[in-house]
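Since the structure comes first, as structure tokens, the remarks are kept for the end.
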Amino acid sequence: MRRTVYVLNGPNLNLLGRRQPEIYGAKTLADVEAECRQAAEAAGLEIVFRQSNAEADLIGWIHEARDEAAAIVINPAAYTHTSVAILDALQAFDGPVIEVHISNVHRREAFRHQSYVSLRADAVIAGLGTAGYRMALRYLGEHALPSS
Ligand code: DQA
């Protein structure tokens with residue numbers, strides 16, 4: 001638990017690699033998971049990596065993380081811009097929260113500039129492609145979660 005990080009992914013991210021590759025790149029979610037596992041191992045972290053298209057699943061996993069995880073890395077996908085419920089669930093989590101977006105949401109449509117999740121996130125990474133997940137894990141390993 002002390003060095004376990006929940007890496008949570010929202011709707012449509014199961015289609016990574018096939019979905020708008022000009023925006024989200026060619027890597028699949030399985031590729032991203034493999035890269036996160038490598039980065040976590042290098043950082044001395046355990047990860048639980050999950051994706052759902054359902055808001056209720058994401059909320060349930062955030063609740064679970066209260067007991068099971070020291071930190072959360074979350075790409076809430078479209079729920080970023082709409083979900084007060086995910087914000088509220090994250091407000092009930094005590095550890096560090098890093099919000100990740102593959103694309104630079106600020107260079108896109110105006111509705112993507114608003115993030116409810118950013119009201120809780122300790123850090124936001126956007127526009128680094130899928131490398132953003134690895135950066136988040138590396139940061140957590142080096143700065144946020146003490147190793148002893
Ligand atoms: C996203 C950006 C969101 O605006 C979009 O709805 C997504 C993915 C990203 O990773 O760039 O599904 O979170």
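Atoms within a ligand are numbered from 1 in the order they appear, just like the ligands themselves. Model, not experiment: these values are computed from the prediction.
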- Message: I'd like to know if Glu46 pairs up with Arg2 as an ion pair, taking the criterion as any Lys NZ or Arg NE/NH1/NH2 lying under 4.0 Å from an Asp or Glu carboxylate oxygen.
- Response: no
- Query: Nearest to atom 9 (C) of ligand 1, what protein heavy atom do you find, and at what distance?
  - Reply: Ile102 N, 3.3 Å
- Query: For ligand 1, which atoms sit closer than 4.0 Å to a heavy atom of His81?
  - Reply: 3 (C), 4 (O)
- Message: Just to check, does Val105 reach to within less than 4.0 Å of ligand 1 when the distance is taken from its heavy atoms?
- Response: yes
- Task: Identify the protein heavy atom lying closest to atom 6 (O) of ligand 1, giving its residue, its atom name and the separation to 0.1 Å.
- Result: Arg112 NH1, 3.1 Å
- Consider only side-chain heavy atoms of I, L, V, M, F, W and Y, link residues closer than 4.5 Å, and tell whether Leu45 and Val100 are in one cluster. yes
- Contact with ligand 1 for Asn12, non-hydrogen, under 4.0 angstrom: no
- Query: Near Gln91 CD, under 6.0 Å, is it more than 12 heavy atoms from other residues, nucleotides or ligands?
  - Reply: yes
- Task: Would you mind running through ligand 1 and noting each atom that sits below 4.0 Å from a heavy atom of Ala78?
- Result: 6 (O), 12 (O)
- Closest to atom 11 (O) of ligand 1 among protein heavy atoms sits Ser103 OG, 2.6 Å
- Message: Below 4.0 Å from ligand 1: does a non-hydrogen atom of Glu109 turn up there or not?
- Response: no
- Query: When only distance counts, is His101 in polar contact with ligand 1, meaning an N/O pair under 3.5 Å?
  - Reply: yes
- SB check Glu35 Lys27 (cutoff 4.0 Å): yes
- Message: With a 4.5 Å cut-off on side-chain heavy atoms, are Leu145 and Val5 touching?
- Response: yes
- Query: At what distance is the nearest protein heavy atom to atom 12 (O) of ligand 1, and which residue and atom is it?
  - Reply: Arg19 NH2, 2.9 Å
- Sub-3.5 Å N/O-N/O distance, Thr80 and ligand 1: no
- Task: For the pair Arg138 and Glu142, evaluate salt bridge (Lys or Arg N to Asp or Glu O under 4.0 Å) and give the outcome as yes or no after the intermediate values.
- Result: CA-CA 6 Å; Arg138 184 172 162 191; Glu142 287 181 8; 3.1 Å; yes
- Query: Under 4.5 Å between side-chain heavy atoms, hopping through other hydrophobics if needed: is there a path connecting Leu29 to Val7?
  - Reply: yes
- Can you say whether the rings of His81 and Phe111 are parallel (under 30°), tilted (30 to 60°) or perpendicular (over 60°)? perpendicular
- Message: So for ligand 1, is Val100 a polar contact partner (N or O within less than 3.5 Å, distance only)?
- Response: no
- Looking only at protein heavy atoms, which one is nearest to atom 7 (C) of ligand 1, and how far off is it? Tyr24 OH, 3.5 Å
- Worked verdict on Ser83 versus Tyr116 for side-chain contact (heavy atoms from CB on, under 4.5 Å): CA-CA 7 Å; Ser83 182; Tyr116 287 103; 5.8 Å; no
